[in-house]
Colleague: 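Just passing along the structure, written as structure tokens.
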There are 2 protein chains.
Amino acid sequence: MPRPAKVTRDQIVAAAIRLVDRDGAAALTMSRIGEELGVAAMSLYNHIDNKEALLDAVAETILSDITVPSTASGWESIVRESFRSVRRVAHRHPALFPLVLDRVPHLLGEARLIEAFLEVMCAAGFDERTALGAFRILSDFTIGYVLAEARGITLEPGQGRLQAGSLPSESFPRIAQVLPQLGAEDRDADFELGLDLILTGLRAWLSDRTATRPTVD
Amino acid sequence: MPRPAKVTRDQIVAAAIRLVDRDGAAALTMSRIGEELGVAAMSLYNHIDNKEALLDAVAETILSDITVPSTASGWESIVRESFRSVRRVAHRHPALFPLVLDRVPHLLGEARLIEAFLEVMCAAGFDERTALGAFRILSDFTIGYVLAEARGITLEPGQGRLQAGSLPSESFPRIAQVLPQLGAEDRDADFELGLDLILTGLRAWLSDRTATRPTVD
DNA sequence: ACCTGAACACCGTTCAAGT
DNA sequence: ACCTGAACACCGTTCAAGT
């Protein structure tokens, strides 16, 4: 005789995200999720295979929050906005994002993002191989940057993660000189600067190639 | 009455590294380390505070393998070689590197690397603030890249991490087109291209500034 | 069809007892 | 000064028994 389900798969995924956002990555436990939903831990296995599969589902959900703007305003701003979107999503789920990244390589959502990126870049005149290289560089830069932010940066306004006493300014004169200058805006500025450097390089690559081999066919 | 120690702190750190290199990150367990050294798990607590402290020690050891070349050949090749060294170390310990990264922000070794980088860049004519921005961009790019390699890249020569069947080429035409072109060398090439793009941008920044404000004092 | 108590093999860590 | 058996509070997961 069938029985009405007390929880659904979607509720489990949502509870997992809520839990990590609220209590940190260490709180992501089958029992804690159950507690969150008024159900015993073992009940979750009626709806998901195991914890790994749950993390995949969580990761797909987070990935789907990344937005690629509609193809209006040229490849550079589409690309720039896309990676800003990655960073925005990471900021929304700082504790969760590192867990998501572990799952990304085998997710379908990632393939969708790559396909969309290649589409934009090829339309702009890049060949597939170069476009993929550009994707790796831009996304790995973004991921590294965002991960550093999520983890807590070494040198930050104030004093950063290194304990105040542990950095004798006579052994670290340059660091002692930058530290007081740092403001919170600098994290945004450095990310944008990184995107700029890479995009400028790609722009140069493109104008070189369209100069030597002017738009055939 | 004193008793000769069966293990030392250094042996514990070495065993931990060996273990992860051989059996993967999941094998890093107090009991497995004890087993490796012929000692019960609890004995380790006579030499280290807890597992977190052990991971810090492991991370410091790995960090110290990163080499910054002697100041011979100009800032660009010093910088390039330094980040190549990071990647080399990561390749030597693929399973361990993600764990190390979690610890990096509060390690003294990281501060030493930053200080050395700032030194090189300031000698080349950068101000401290810009030099720190450059460090963030270069190191976060490198870390993101190397992490993607350690985790397994989505699109790789062969088929990559996505299961063969799961990528219908009619929904992913661009990906279907690049995949067969990819060779193993492309991972090196894309990393070097990323360094090139960033370094080219920094070079441009430097020549702009020395042009407008020619080497005073 | 879904829930759960009991059980299993594993964690990290503490502490008292040993040498 | 160092090692360890027993114990504790936690993991993820399975399975048989319940509705």
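Computed from a predicted structure; not experimentally measured. A note on names: the letters A, B, ... follow the listed sequences, proteins ahead of strands, and every chain is numbered from 1.
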Colleague: Could you check which of D:dC3, C:dT4, D:dT13 has an atom nearest any side-chain atom of B:Asn46?
Modeller: D:dC3
Colleague: For D:dC2, does either OP1 or OP2 sit under 4.0 Å from a side-chain N or O belonging to B:Ser43?
Modeller: no
Colleague: Look through every strand shown and name the nucleotide pairing with C:dA7 as Watson-Crick or G-U wobble, where both distances are under 3.5 Å.
Modeller: D:dT13
Colleague: For nucleotides 8-12 of chain D, which of its nitrogen or oxygen atoms have a protein nitrogen or oxygen under 3.5 Å away, and what is each distance?
Modeller:
{"from": "D:dC11", "atom 1": "O5'", "to": "A:Thr29", "atom 2": "OG1", "distance (Å)": "3.4"}
{"from": "D:dG12", "atom 1": "OP1", "to": "A:Lys51", "atom 2": "NZ", "distance (Å)": "2.9"}
{"from": "D:dG12", "atom 1": "OP2", "to": "A:Met30", "atom 2": "N", "distance (Å)": "3.1"}

Colleague: Just by distance, with hydrogens left out, do A:His47 and A:Gln11 show a side-chain donor and acceptor under 3.5 Å apart?
Modeller: no
Colleague: What are the two closest non-hydrogen atoms of A:Leu195 and A:Phe83, and how far apart are they?
Modeller: CD2-CB, 4.3 Å
Colleague: OP1 or OP2 of C:dC3 less than 4.0 angstrom from a side-chain nitrogen or oxygen of A:His47, does that happen here?
Modeller: yes
Colleague: Is the closest side-chain donor-acceptor distance between A:Asn46 and A:Ser43 under 3.5 Å?
Modeller: no
Colleague: So that I can tick it off, tell me whether A:Glu60 and A:Arg103 are bridged by a salt bridge, with the cut-off set at under 4.0 angstrom between side-chain N and carboxylate O.
Modeller: no
Colleague: Relative to each other, are the rings of B:Phe126 and B:Trp75 parallel, tilted or perpendicular (30° and 60° limits)?
Modeller: perpendicular
Colleague: What distance do A:Tyr45 atom OH and A:Lys51 atom NZ have between them, rounded to the nearest 0.5 Å?
Modeller: 8.5 Å
Colleague: Nearest of C:dA6, C:dC2, D:dC2 to any side-chain atom of A:Met42?
Modeller: C:dA6
Colleague: With both distances under 3.5 angstrom, what nucleotide forms a Watson-Crick or G-U wobble pair with D:dC2?
Modeller: C:dG18
Colleague: Validate the cation-pi geometry between A:Arg87 and A:Phe191: distance from NZ or CZ to the six-membered ring centre under 6.0 Å, angle to the ring axis within 45°.
Modeller: yes
Colleague: How many angstroms lie between atom CD of B:Glu170 and atom CZ of B:Phe172, to the nearest 0.5 angstrom?
Modeller: 9.5 Å
Colleague: Mind running a 4.0 Å heavy-atom check of residues 52-59 of chain B against DNA chain C and sending the residues that fall below it, in number order?
Modeller: none
Colleague: How long is the straight-line distance from CZ of B:Arg88 back to OG1 of B:Thr67, given to the nearest 0.5 Å?
Modeller: 5.5 Å
Colleague: Take the protein atom NZ of A:Lys6 and the nucleotide atom C1' of C:dT4, then report the distance between them rounded to whole Å.
Modeller: 9 Å
Colleague: Rounded to whole Å, please give me the gap between CD1 in A:Ile48 and P in C:dC2.
Modeller: 14 Å
